[in-house]
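When reading the values below, keep in mind they use all heavy atoms of this one structure, side chains included, and skip hydrogens, waters and symmetry mates. Reminder, nothing fancy here: chain letters follow the sequence lines and each chain counts from 1. Small disclaimer: the values here were computed from a predicted structure and weren't measured.
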Number of protein chains: 4
Amino acid sequence: MASVPERLVEAATRLFAAKGYDRVAVQEIVDLAGVTKGAMYHYFGSKDDLLNEIYGRLLRMQTERLEQIAAGPAPVVERLHAAALDVVVTSVDNFDQARVYFRSAEHLAEDKRREMRVARRRYHERFRALVEEGQAAGVLRADVPADLTVHYFFGSVHHLGQWYNVGGPLTAKQVGRHFADLLLASLRPVEEER
Amino acid sequence: MASVPERLVEAATRLFAAKGYDRVAVQEIVDLAGVTKGAMYHYFGSKDDLLNEIYGRLLRMQTERLEQIAAGPAPVVERLHAAALDVVVTSVDNFDQARVYFRSAEHLAEDKRREMRVARRRYHERFRALVEEGQAAGVLRADVPADLTVHYFFGSVHHLGQWYNVGGPLTAKQVGRHFADLLLASLRPVEEER
Amino acid sequence: MASVPERLVEAATRLFAAKGYDRVAVQEIVDLAGVTKGAMYHYFGSKDDLLNEIYGRLLRMQTERLEQIAAGPAPVVERLHAAALDVVVTSVDNFDQARVYFRSAEHLAEDKRREMRVARRRYHERFRALVEEGQAAGVLRADVPADLTVHYFFGSVHHLGQWYNVGGPLTAKQVGRHFADLLLASLRPVEEER
Amino acid sequence: MASVPERLVEAATRLFAAKGYDRVAVQEIVDLAGVTKGAMYHYFGSKDDLLNEIYGRLLRMQTERLEQIAAGPAPVVERLHAAALDVVVTSVDNFDQARVYFRSAEHLAEDKRREMRVARRRYHERFRALVEEGQAAGVLRADVPADLTVHYFFGSVHHLGQWYNVGGPLTAKQVGRHFADLLLASLRPVEEER
DNA sequence: GATGAATGAGCTTTCATTCAT
DNA sequence: GATGAATGAAAGCTCATTCAT
């Protein structure tokens, strides 16, 4: 059986994803993990520390992957497509973590929230830099601010948590491809637009 | 001064938007509205009844407008563009309401939640019907499921609540246009895709 | 029957006096007062707010009486004697309140603690002024700092809570007289001291 | 570096003096002492056992010194003066211990509390015997009960913990002399009292 | 219509102590 | 001798809701 802190993080992830941070009692988490409250507070300073742990994992992982993809040798359009696909696939593959991540920033304590915002921003900016690179190279349209485009796309990703059905007809890869295609299509240079 | 129930709804909207439903105490709402708890329970059956009220308003309004736009005489591409623009503009114009709407579905009591899901779905389906109409007419690409496209777009809209700054440099109309343009661009029929 | 807040203050006074602030649970207080915790938190912001209430009452009362006595027309030696006697008698007459007062300053929250220190100091200084008046008039010895004398005397008063037995052989007035006599005797001008 | 139990007692003394027994967590003590909880429970049976240890040290020391002083050859008035001075000086020289001693009797477990009361009483009685000796000899006033006088004086001593400032202008010896002088002065036989 | 005192169940967190290693 | 993970009981506090007035 996994270690106690590991079990706690898993239990918390499942419950936070299902009901939202504020609707989950610490008692439920420790019950699901099969330990007592004292054990939880031995490893985590607070309930929101547990959230912080969940939160950070996915973001760190996605950031690393984005940086690797972005630094690759392929043409920028391909790298952007790969990055878009990747964030969808990893979000779906870690669906509970992702759902927690998508909605729980506001429940972090002030200091951790600041840290997280910094990390999120770094991710956002790395992604935006890809878009800007494509715009500078003339292969992506430049009449829509790159910043706005990134928000536009990540809105779609965050929204996955609200409709995507893990056992359903669409695989992670299919959704990822569609999303990446839509993004790239929307950024093709305009020629004789209305 | 506005009527008591009106003041309560306004106060609740402001507070729910700012802090999230679970982080707002009924006492805060009545304090901000300048009434007492008894008064609130005179007009509303419960805290989540207040949420229900807020919730419904924006959705009803946007649904009506969508139906009007969709039923118009313009070509489908133009109607879709107008609908996309409209949902962004009305969401930004009623920003607090929209933010509450975007993240508080799960706080409704079971029966109201069901009602709401029905209403949301109707909206979603009306929008999807527009996309499907364009696909059938051959003016929008058909290789991405219309359903997925609608989720994709509304993710972007819902995400507005997390980054859009009401007093900032972008007006509602500008964001709306960009979003609508991105949507339409992403749906142009593909010709010689990679 | 007394009002709820009154009953709560009484219950808290009894319990804090008997066991010390930290050893009394809010639950015990409300049980003794015959109400629920919710009721307590309706009237008092916190456990230490209850302490604050108890704390202030005795000090306010003794301060008023001291000021009246000190402002009287009698010779300073008589006024000092009366003041010393009075603080003993009122402390014994409100024995539980006094015991709480004597030991619980450190349990107040920081802001209230500051307030209380100011009030205590004012009391102390009013008393010291009496001693200094006697010294200036040459009727009390001046070779012991007035400040130290006051600490010396109030130590004795505070200590009452640790040995005085309310049902015992000594009445409040008897103890008060003895204490006042000892104080005055210790302050008689020295003539041919060793 | 000192032994583990020694370091624990020192750390506990510092913390109990500063914050009061109930406000200090065992974890804080072991952290300050640089050991672990297990180590503490290896040497001491409980938190209050640690208090007991601190508690006894000062009292044992002061009792020994009192007995030596009281048994000396000097006239009773001088012995009483010396005893009074000594208890002040040793209390100030061991200020943290003294502060713990002055206010933590009630935190001892029942059995140790009884022991302590016995030891305290013995000290008190030895001191009182000095006063009574002086009264019998006619060199101290007899119209105030010796018992009450002792309480009166020790109140002043215990109160030191609440106002005396170790780095301040008054040395231990100065305070001790003043206190002893005040005590002796208050006990001079009365002649022509008002 | 409206008040606000009161409820009661629930919350997160703390902490002295134990015990397998 | 010493560790530190884990317990379990209790703590202070919050809050949506009710109800006599």
Side-chain angles (χ1 to χ4, degrees), chain A residues 3-5 7-8 21-30 33-50 107 109, chain B residues 3-5 8 21-31 34-51 107 109, chain C residues 3-5 7-8 21-30 33-50 107 109, chain D residues 3-5 8 21-31 34-51 107 109:
Chain A
S3 73
V4 168
R7 264 159 42 217
L8 283 164
Y21 180 83
D22 278 328
R23 305 288 249 233
V24 175
V26 169
Q27 189 62 59
E28 293 180 76
I29 299 171
V30 301
V35 299
T36 60
K37 276 196 268 199
M40 192 213 112
Y41 281 96
H42 182 71
Y43 292 106
F44 299 93
S46 64
K47 183 181 171 189
D48 109 17
D49 202 30
L50 210 37
H107 300 130
Chain B
S3 73
V4 167
L8 282 164
Y21 181 82
D22 279 326
R23 307 284 247 236
V24 175
V26 169
Q27 190 62 58
E28 292 180 75
I29 300 172
V30 301
D31 285 350
V35 303
T36 61
K37 276 206 261 202
M40 193 214 110
Y41 280 94
H42 183 72
Y43 291 108
F44 299 91
S46 65
K47 183 182 170 187
D48 105 21
D49 203 28
L50 212 36
L51 178 60
H107 301 129
Chain C
S3 74
V4 168
R7 262 158 44 215
L8 282 164
Y21 182 82
D22 278 328
R23 306 288 249 234
V24 175
V26 169
Q27 189 61 58
E28 294 180 75
I29 300 171
V30 301
V35 300
T36 60
K37 275 196 270 199
M40 193 214 111
Y41 282 95
H42 182 70
Y43 291 105
F44 299 92
S46 64
K47 183 182 170 188
D48 108 19
D49 203 28
L50 210 37
H107 300 129
Chain D
S3 72
V4 167
L8 283 164
Y21 181 82
D22 279 326
R23 308 285 248 235
V24 175
V26 168
Q27 190 63 58
E28 293 179 74
I29 300 172
V30 302
D31 285 352
V35 303
T36 61
K37 275 204 262 202
M40 193 214 110
Y41 279 94
H42 183 72
Y43 291 108
F44 298 92
S46 65
K47 183 183 171 187
D48 106 21
D49 203 28
L50 213 35
L51 178 60
H107 300 128

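Regarding contacts with the backbone of E/dG4, every side-chain N or O of B/Y41 stays at 4.0 angstrom or more from both OP1 and OP2. A close approach under 4.0 Å does not occur between any side-chain nitrogen or oxygen of B/H42 and OP1 or OP2 of E/dG1.
Across all their heavy atoms, D/Q27 and D/V30 have their closest contact at O-CG2, 3.2 Å. Here the closest heavy-atom approach between residue D/A109 and residue D/D48 is recorded as N-OD2, 3.0 Å. Nearest heavy atom pair, residue B/S46 against residue B/Y41, reads CA-CE2, 3.9 Å. Taking both residues in full, the closest heavy atoms of B/H107 and A/R23 are given as CD2-NH1, 3.3 Å, listed atom of the first, atom of the second, then distance.
With sequence neighbours excluded, the residues forming a side-chain contact (heavy atoms from CB on, under 4.5 Å) with A/T36 are A/A39, listed by chain and number.
Within 4.0 Å of B/V35, counting heavy atoms only, lies no atom of the nucleic acid at all. As judged by a 4.0 angstrom heavy-atom cut-off over every strand, B/V4 is placed among residues making no nucleic acid contact. Looking at heavy-atom distances under 4.0 Å, A/A25 makes contact with sugar-phosphate atoms alone, never a base. Using a 4.0 Å heavy-atom criterion, one finds that A/V30 contacts no nucleic acid atom at all. Backbone-only engagement by D/Y43 is indicated by non-hydrogen atom pairs under 4.0 Å involving sugar-phosphate atoms exclusively.
Rounded to a whole Å, the CZ atom of B/F44 is 18 Å from the C1' atom of F/dT18. Atom CG of B/D22 and atom P of E/dG10 are 16 Å apart (whole Å). Per the geometry, CE belonging to A/M40 stands 9 Å off P belonging to E/dT12, to the nearest Å. Straight-line distance from the CG atom of D/D31 to the C1' atom of F/dG4: 12 Å, rounded to whole Å. Separating the CZ atom of C/R7 from the P atom of E/dA5 is a distance of 14 Å, rounded to the nearest angstrom. Atom-to-atom, CZ of A/R23 to C1' of E/dC11 comes out at 14 Å; the value is rounded to the nearest Å. One interatomic measurement links the two molecules: CG of A/D49 to P of E/dT12, which rounds to 14 Å at whole-angstrom precision. Distance CG (A/D48) to C1' (E/dC11): 15 Å, rounded to an integer number of Å.
Taking 4.5 Å as the limit, some side-chain heavy atom of C/L50 sits within range of a side-chain heavy atom of C/M40. Counting heavy atoms from C-beta on, the side chains of A/Y21 and B/D22 never come closer than 4.5 Å.
Residue D/K47 has its side chain nearest to E/dT17 when only F/dG12, E/dT17, F/dA6 are considered. Of the candidate nucleotides F/dG4, E/dT12, E/dG1, F/dG4 has the atom lying nearest to any side-chain atom of D/T36. Checked against F/dT17, E/dA2, F/dG12, the side chain of B/V26 finds its nearest nucleotide in F/dT17.
D/K37 contributes a side-chain N or O that forms a donor-acceptor pair with the base of E/dT17 under 3.5 Å.
In this structure a side-chain-to-backbone donor-acceptor pair under 3.5 Å is missing from C/D49 to C/F44.
Checking C/P5 against A/S46, the closest nucleotide of DNA chain E that is more toward the 5' end is the one next to C/P5. Place A/E28 and D/Q27 on DNA chain E by their nearest nucleotides, and A/E28 ends up nearer the 5' end.
Using C1' as the reference atom, E/dG1 and F/dT21 are 13 Å apart when rounded to the nearest Å.
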>> Taking Watson-Crick (N1-N3 plus N6-O4 or O6-N4) and G-U wobble (N1-O2, O6-N3), each under 3.5 Å, can you produce the dot-bracket string of DNA chain F? Use [ ] for crossing pairs and | for inter-strand ones.
In response: .||||||||||||||||||||

